[in-house]
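Since the structure comes first, as structure tokens, the remarks are kept for the end.
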2 protein chains.
Amino acid sequence: MTPPAAAAPQAARTPPGQARDKILATAFRLFYAQGLRAAGIDTIIAESGVAKATFYKYFPAKDDLILAYLEEVDGVWTGQLHAAAEAAGPDPAAQLVGLFDALASACRRDGYRGCAFINAAAESASGTRIHARTVAHKEHIRAWIRNLAVQAGAPDPDQLARSLTLVLDGGLASGVLDADPAAATAARHTAAQLVSANLGRNP
Amino acid sequence: MTPPAAAAPQAARTPPGQARDKILATAFRLFYAQGLRAAGIDTIIAESGVAKATFYKYFPAKDDLILAYLEEVDGVWTGQLHAAAEAAGPDPAAQLVGLFDALASACRRDGYRGCAFINAAAESASGTRIHARTVAHKEHIRAWIRNLAVQAGAPDPDQLARSLTLVLDGGLASGVLDADPAAATAARHTAAQLVSANLGRNP
DNA sequence: GTTGCCCTAGACAGACCTGTCTGATAGCTT
DNA sequence: AAGCTATCAGACAGGTCTGTCTAGGGCAAC
């Protein structure tokens, strides 16, 4: 029985097919900056400039959005690590040290708040999809580093990969406390010492 | 106009002065196991077996309880680190490695979920009291390790302390993913390598 | 006995959060 | 022009959260 209401003018309609990307970009920003729980669906919707129904069409539940976010972060961070390693040249031993430049770059970025995966794991119960996704990410990284260690001729690539991922995770974890570039520098230095000690030569 | 209601029998009254401890013990358990946001005040009150008014008398806001919790964790964890270091004997160099036994012990404990401080920082915005308390904790730990490094005669105690805290934090951070004892073992091994490399002798 | 303190029980307010639903609009295709 | 699909706007339901408030019960000291 409500009168048809004179049709509110709509502001800047999102072109078809771009809604999902806009949502994901906003979620990336808010989830990383505030944390998974602190960032509410309503806020993400409002800042995306998208209608609620559109949001729930693409992400039926908040967890689905979180998983998509983690997927995105995985791609970005893995890409940065690979790029930093390759920038160190063709020598695998040098790459094992050079990948730590990605940590230094991350530290310098505005709004840096450590590792999105560690932060996500801290907020999710073990056994959830979110937690499992985080574990999978860390395993991929370690497998990649282990592979580099093999190529570098490390006598115990598992051990070297463990050591280096510990230092990398330590650098990332301390990033949530303060974005101190000294931590990243120290991590690279530490990595160089470990690579040197475990290869028995100076890379 | 409600009738005086025949006075419900009260279950097990908390002795005066013990209410705060009961609340803090419950909060310790729930905050660590579930995270700061996931653990609700109502649940903590219910599991403490304490009345709501009593709770708010001791902790006017949730943040006050969280800070008390972090204070508690600081005492416990610092104590464990010191104990592990002292158990390694009087040699400071050996203590720098031995403190990592506290990490291995922590890993083996049921319900281990990494570092309470890193987890807390992941859930709190920078600038909050909670975040600041976390940063202070990490600085205390590093200052203590640096002191050991000085006693051990390290040529660059700052650098060695940095390296070792990176490895320690890495071990703790990976603990929120899975409580793999191998990570703790690897951390100790890595620490031994770093101490050896930075002291120029075999501890 | 009376006073004072600490405790219990639980209703309540107000905010916020996730997810559902209705109905209308824009723009492309046919 | 008609139809189709993706989008918009926002009300609404049901739950949870923090924090306040009222009313009363047990116990010890005075």
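Proteins get letters first, then strands, A, B, ... in listed order; numbering begins at 1 in each. Just the heavy atoms: all of them, side chains too, but no hydrogens, waters or symmetry mates, feed the values below.
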Determine whether Gln193(B) and Asn198(A) satisfy the following criterion, side chain to side chain donor-acceptor pair (under 3.5 Å), listing intermediate values before the conclusion. CA-CA 9 Å; Gln193(B) 281 193 335; Asn198(A) 283 277; 3.0 Å; yes
note: Tyr56(B), atom OH; dC21(D), atom P; distance rounded to Å ~ 12 Å
For Ala38(A) and Pro60(A), take the nucleotide of DNA chain C holding the closest heavy atom to each; which residue's nucleotide lies nearer the 5' end? Ala38(A)
Phosphate OP1/OP2 of dC8(D) contacted by Thr54(A) side-chain N/O (<4.0 Å): yes
Please lay out, stage by stage, how Phe31(B) and Leu65(B) fare under the test side-chain contact (heavy atoms from CB on, under 4.5 Å). CA-CA 10 Å; Phe31(B) 278 150; Leu65(B) 178 60; 3.8 Å; yes
Does Lys57(A) place a side-chain N or O at less than 4.0 Å from the phosphate oxygens OP1/OP2 of dT7(D)? yes
Close N/O contacts between protein and nucleotides 12-15 of chain C (under 3.5 Å):
none

Kindly compute the distance separating CZ (Arg129(A)) from CG (Leu70(A)), expressed to the nearest 0.5 Å. 11.0 Å
Starting at atom OH of Tyr58(A), determine the distance to atom P of dA6(D), rounded to an integer number of angstrom. 7 Å
For the pair made of CZ in Phe55(B) and P in dC17(D), what is the distance, rounded to whole Å? 13 Å
Could you point out which residue of Arg142(A), Lys138(A), Arg162(A) forms a salt bridge (Lys or Arg N to Asp or Glu O under 4.0 Å) with Asp180(B)? Arg162(A)
For Arg37(A) and dT18(D), give me the distance from atom CZ to atom P, rounded to whole Å. 11 Å
DNA chain C: Ala61(A) or Val50(B), which has the more 5' nearest nucleotide? Val50(B)
Output the distance between atom CZ (Phe59(B)) and atom CD1 (Ile44(B)), rounded to the nearest 0.5 Å. 9.5 Å
Can you tell me if Thr14(B) touches the phosphate of dT8(C), counting only side-chain N or O atoms and a distance under 4.0 Å to OP1 or OP2? yes
Closest to the side chain of Ile41(B), out of dA9(D), dT18(D), dT18(C), is dT18(D)
Aromatic ring pairing Tyr69(B)/Phe28(B), orientation class (parallel under 30°, perpendicular over 60°, tilted between): perpendicular
Check residues 76-88 of chain A and write down every donor-acceptor pair under 3.5 Å in which the side-chain atom is one partner and the other belongs to a residue at least two apart or another chain.
unit_1: Thr78(A); atom_1: OG1; unit_2: Asp74(A); atom_2: O; d: 2.7
unit_1: Thr78(A); atom_1: OG1; unit_2: Asp74(A); atom_2: OD1; d: 2.9
unit_1: Gln80(A); atom_1: OE1; unit_2: Arg109(A); atom_2: NH2; d: 3.1

Give the rounded distance in Å between these two atoms: CD of Gln18(B) and P of dC7(C). 9 Å
Rounded to whole Å, how long is the line connecting atom CG of Leu36(B) with atom C1' of dC17(D)? 15 Å
Calculate the interatomic distance between Lys62(A) atom NZ and dG15(D) atom P; express it in whole Å. 19 Å
Return the value, rounded to whole Å, for the distance between atom CD of Gln34(B) and atom C1' of dC17(D). 14 Å
